[in-house]
Amino acid sequence: MSGEFDADLIVIGSGVMGGLIASQVAEAGKSVIVLEAGPRVTRREILETYRNAPVKLSLANVKLQSGGSPYPNEPYAPTTYGDYLEQTGPVKYNTSYLRVVGGTTWHFGSALWRMIPNDFKIKTLYGRGRDWPFGYDELEPYYTRAEYALGVSGDDEVDQSGQGGGPFPPRSKPYPMPSVPFSYMFKRLAERLLKGGYNPVNEPSGRATVPYDGRPQCAGNNTCNPVCPIGAKFDGSRTIDRAERAGAKVLDKAVVYRIEADDNGKITAVRYKSPDGTDHRLTARYFVLAAYAIESPKLLLMSATEKYPNGIANSSDQVGRNLMDNTGISVTMVAKEDLWPGQGPTELLVYLNGRDGEFRKDVPSSKIKIRNTVPTSQYASELLAKGVLGSKLDSEIKRRSARELNWAVDFEMLPIPTNRVTLSKTKKDALGFPVPSIYYNVDEYWNAGRDALLKDLKRFSELLDAEIVKTDVGHQNRQHIMGTTIMGSDPKDSVVDADCRTHDHKNLFIAGTSVMPAVSCMNPTLTGAALSVRIADTLLKEI
């Protein structure tokens with residue numbers, strides 16, 4: 001490294017994407033600085049906060065403390081559990097990303113899916129959305145490397161197109177570990193639904209089923225969200241630890257607020273503030289923005305200057321646009337037999353009959369999953385509100401805990417330019433920076449998916465001989481933040497090229513799910529990780 005730079009590479013964001021890139025580049029002997037807006041956390045601290053919380057539910061549904069989760073909610077780096085995000089659209093964009101060292105995978109559900117070949121060309125095949133500028137075959141080797149870096153457990157023989165055929169999509173190597181075994185409930189549901197032509201798929205996940213890379217075997221704890229108590233589940237702190245062992249410097253509580261570029265388009269420096277308001281500036285040869293799909297466009301927009309009036313990397317006016325999620329619905333039903341949800345890690349059993357086919361011309365692809373958590377305190381509160389007391393209260397809590405099933409559907413969303421992140425004109429955080437302002441809505445394509453999948457879930461109730469007691473079609477977001485710095489071949493309508501390099505600035509890359517031009521109905525973390533491994537390869541060819 002030349003003495004004129006503080007580092008060969010600066011990575012903004014310390015989640016799984018930033019950690020993968022930082023570790024790979026640092027292990028090659030390059031100097032790396034990682035900047036994280038939030039503080040460091042430890043598993044012990046998170047567990048203690050969660051253990052002492054009077055109510056313990058999925059983070060999407062409960063406030064465990066004043067900050068809304070067992071994770072820090074610092075004034076200088078607020079999380080989305082409070083009122084940090086400004087909502088302006090007809091559909092509220094509920095999300096729950098973390099601003100801590102290690103990022104949001106600390107509390108993610110651990111689903112790690114590949115996209116399938118047709119997902120990369122939905123415009124060509126189905127006349128919807130955008131195609132990727134490359135196909136599945138280009139990303140397959142990087143999917144494999146990401147699976148081994150994250151330690152994914154999965155079933156090599158499963159057809160992930162949902163049609164029940166042979167192994168699919170194509171793989172160059174088997175999963176690092178076998179899949180987590182199905183619980184009694186999963187086996188029983190699979191047996192009954194198979195009679196209706198619904199093919200069970202065991203979800204690939206970041207849980208160790210054998211000791212792996214310092215992680216113990218999954219013990220079946222049911223608290224994957226908000227935290228794995230024993231560290232069997234992958235989280236981004238592991239790749240950050242790996243980067244630090246290789247010599248990378250990780251600076252926490254470093255709130256980046258500006259990316260600087262010269263008149264030739266070269267990124268020259270980043271500026272950040274500490275919680276006390278002091279200002280700092282760092283330079284590097286290359287920069288990677290890996291701050292997730294709301295904070296990344298926010299930073300690019302905040303970096304506007306006279307030379308770059310729309311912000312950094314925004315000559316296309318696409319920064320912040322095309323915000324997506326796997327916005328879905330859910331149906332709750334009560335079976336007539338004890339099935340015992342709550343056993344083992346969360347989710348795992350999914351149905352993908354609606355994942356791919358000619359129907360995608362009219363109806364989005366979809367994934368149906370069963371939630372196997374047991375919100376006992378929620379049951380108790382609802383029953384008490386109805387005046388149920390004493391032994392009747394006890395028996396009803398037990399009955400609902402054993403028999404109540406919550407099915408959730410995740411839908412493919414399209415990149416709609418009006419769904420976007422902008423800067424609030426009126427609201428600022430503790431450091432004086434504008435908070436993200438979110439506009440979000442669904443279209444008729446999503447509505448068609450809702451109507452179609454309600455029929456499937458009604459069929460589920462018939463096959464299971466279960467009574468539907470609640471239907472929620474209120475645009476449930478799945479915490480899968482995507483779009484906002486979209487990938488494409490044309491600089492006029494995209495932010496990054498096929499290498500995730502910004503069209504406007506050749507030494508600035510954007511990592512993560514914000515670059516995805518088409519998102520399918522699947523959790524996007526593994527795709528973002530594969531792209532990050534690929535970015536690191538590109539950087540090492542050039543640094």
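Numbers for residues simply follow the sequence, beginning at 1.
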Gap separating the CZ atom of F287 from the CD1 atom of I12, nearest 0.5 angstrom
7.5 Å
Are any side-chain N or O atoms of T513 and backbone N or O atoms of I481, one a donor and one an acceptor, separated by less than 3.5 Å?
yes
Output all residues satisfying side chain to side chain contact (heavy atoms under 4.5 Å, CB included) with S520, sequence neighbours left out; order by chain, then residue number.
M115, D119, M522
My understanding is that only residues two or more places apart in sequence, or in another chain, count here; which of them pass salt bridge (charged side-chain N to carboxylate O under 4.0 Å, His left out) with D276?
none
Residues in side chain to side chain donor-acceptor pair (under 3.5 Å) with E260, at least two apart?
R271, R281
If the condition is side chain to side chain contact (heavy atoms under 4.5 Å, CB included), which residues does L423 pass it with, not counting sequence neighbours?
K298, L301, M302, P434
With sequence neighbours excluded, residues passing side chain to side chain contact (heavy atoms under 4.5 Å, CB included) with P491:
H503
Keeping the roles fixed (side chain from S316, backbone from S494), state whether a donor-acceptor pair exists under 3.5 Å.
yes
N222 vs V374, test: side-chain contact (heavy atoms from CB on, under 4.5 Å). Steps then yes/no.
CA-CA 9 Å; N222 198 239; V374 182; 5.6 Å; no
Who are the salt bridge (charged side-chain N to carboxylate O under 4.0 Å, His left out) partners of D213, not counting sequence neighbours?
none
Would you say the side-chain atoms of N314 pair up with the backbone N or O of V319, donor to acceptor, closer than 3.5 Å?
yes
Candidate pair L282 and I33, rule side-chain contact (heavy atoms from CB on, under 4.5 Å), full reasoning
CA-CA 9 Å; L282 291 173; I33 297 174; 4.1 Å; yes
I'd like to know whether T144 forms a side chain to side chain donor-acceptor pair (under 3.5 Å) with R114, so could you lay out the CA-CA distance, the side-chain angles of the two residues, the decisive distance to 0.1 Å, and finally the verdict.
CA-CA 10 Å; T144 298; R114 296 183 177 206; 3.0 Å; yes
Between R478 and D325, does at least one N-O distance fall below 4.0 Å, as a salt bridge requires?
no
d(N372 CG, C224 SG) to nearest 0.5 Å is 8.0 Å
Do D499 and R534 have side chains that get closer than 4.5 Å, going by heavy atoms?
yes
Say whether, by atom type as modelled, one donor and one acceptor occur between the side chain of E27 and the main chain of Q24 under 3.5 angstrom.
no
Pairwise side-chain contact, T346 with N225, heavy-atom cut-off 4.5 Å (strictly under)
no
K92 atom NZ: more than 12 heavy-atom contacts under 6.0 Å:
no
How far apart are the C-alpha atoms of D8 and S31, what are their side-chain angles, what is the distance that settles it, and do they pass the side chain to side chain donor-acceptor pair (under 3.5 Å) test?
CA-CA 5 Å; D8 291 316; S31 59; 3.2 Å; yes
How long is the span from the CD1 atom in I10 to the CG atom in N507, to the nearest 0.5 Å?
10.5 Å
Please list, chain by chain and in numerical order, all residues satisfying ring-ring contact (aromatic ring centres under 6.0 Å, His included) with Y84, sequence neighbours excluded.
none
Carboxylate-amine/guanidinium proximity below 4.0 Å for K273 and D279
no
With no hydrogens and no angle check, is any side-chain donor or acceptor of D429 less than 3.5 Å from a backbone partner on V435?
no
Under 3.5 Å, is there a donor-acceptor pair between the side chain of W106 and the main chain of V101?
yes
My understanding is that only residues two or more places apart in sequence, or in another chain, count here; which of them pass salt bridge (charged side-chain N to carboxylate O under 4.0 Å, His left out) with R420?
none
Got a sec, which residues hit salt bridge (charged side-chain N to carboxylate O under 4.0 Å, His left out) with R145, two or more places apart in sequence or on another chain?
D537
Describe, in one word, how the ring planes of Y257 and F433 are oriented to each other, choosing from parallel (under 30°), tilted (30 to 60°) and perpendicular (over 60°).
parallel
Under the ring-ring contact (aromatic ring centres under 6.0 Å, His included) test, which residues partner Y272, sequence neighbours left out?
H280
Residues S424, S437; criterion side chain to side chain donor-acceptor pair (under 3.5 Å); working and verdict:
CA-CA 5 Å; S424 173; S437 183; 5.6 Å; no
My understanding is that only residues two or more places apart in sequence, or in another chain, count here; which of them pass ring-ring contact (aromatic ring centres under 6.0 Å, His included) with Y308?
H505
Checking side-chain contact (heavy atoms from CB on, under 4.5 Å) for the pair I486/D493: CA distance, chi angles, key distance, verdict?
CA-CA 8 Å; I486 203 160; D493 66 4; over 6 Å; no
With a 4.0 Å cut-off, would you call R99 and E295 a salt bridge?
yes
Answer yes or no: are there more than 12 heavy-atom neighbours, outside K506 itself, under 6.0 Å from its atom NZ?
yes
Kindly say whether A243 contributes a backbone atom to a donor-acceptor pair with the side chain of S23 at under 3.5 angstrom?
no
Close side-chain approach of D443 to I416, heavy-atom, < 4.5 Å
yes
Just by modelled atom types, is the S96 backbone N or O under 3.5 Å from a matching donor or acceptor in the Q479 side chain?
yes
Could you walk me through whether S330 and D472 pass the side chain to side chain donor-acceptor pair (under 3.5 Å) check?
CA-CA 5 Å; S330 71; D472 185 349; 4.6 Å; no
Gap between atom OG1 of T373 and atom CD of E347 - 0.5 Å precision
8.5 Å
Would you please name every residue forming a side chain to side chain contact (heavy atoms under 4.5 Å, CB included) with D504, sequence neighbours left out?
S315
Carboxylate-amine/guanidinium proximity below 4.0 Å for K30 and E542:
no
Return the CD to OH distance between E147 and Y175, rounded to the nearest 0.5 Å.
5.5 Å
Using atom types as modelled and distance alone, determine if a side-chain donor or acceptor of N441 lies under 3.5 Å from a backbone N or O of V91.
no
Are the charged groups of K367 and E203 less than 4.0 angstrom apart, N to O?
yes
T223 vs Y50, side-chain contact (heavy atoms from CB on, under 4.5 Å): CA-CA, chis, key distance, verdict:
CA-CA 10 Å; T223 61; Y50 185 61; 3.8 Å; yes
Judged by atom type as modelled, is there a donor-acceptor pair below 3.5 Å linking the side chain of T104 to the main-chain atoms of L98?
yes
Would you mind checking if D263 and K307 are paired as a salt bridge, meaning a charged N to carboxylate O distance below 4.0 Å?
no
Hey, what do you get for CZ (R130) to CG (N322), rounding to the nearest 0.5 Å?
5.0 Å
Quick check: are there more than 12 heavy atoms from other residues, nucleotides or ligands sitting under 6.0 Å from NZ of K427?
yes
Please name the pair of heavy atoms, one in P345 and one in R207, separated by the smallest distance, quoted to 0.1 Å.
CB-NE, 3.2 Å
Answer yes or no: are there more than 12 heavy-atom neighbours, outside D262 itself, under 6.0 Å from its atom CG?
yes
Under the 6.0 Å and 45° cation-pi test, does K253 pair with Y76?
no
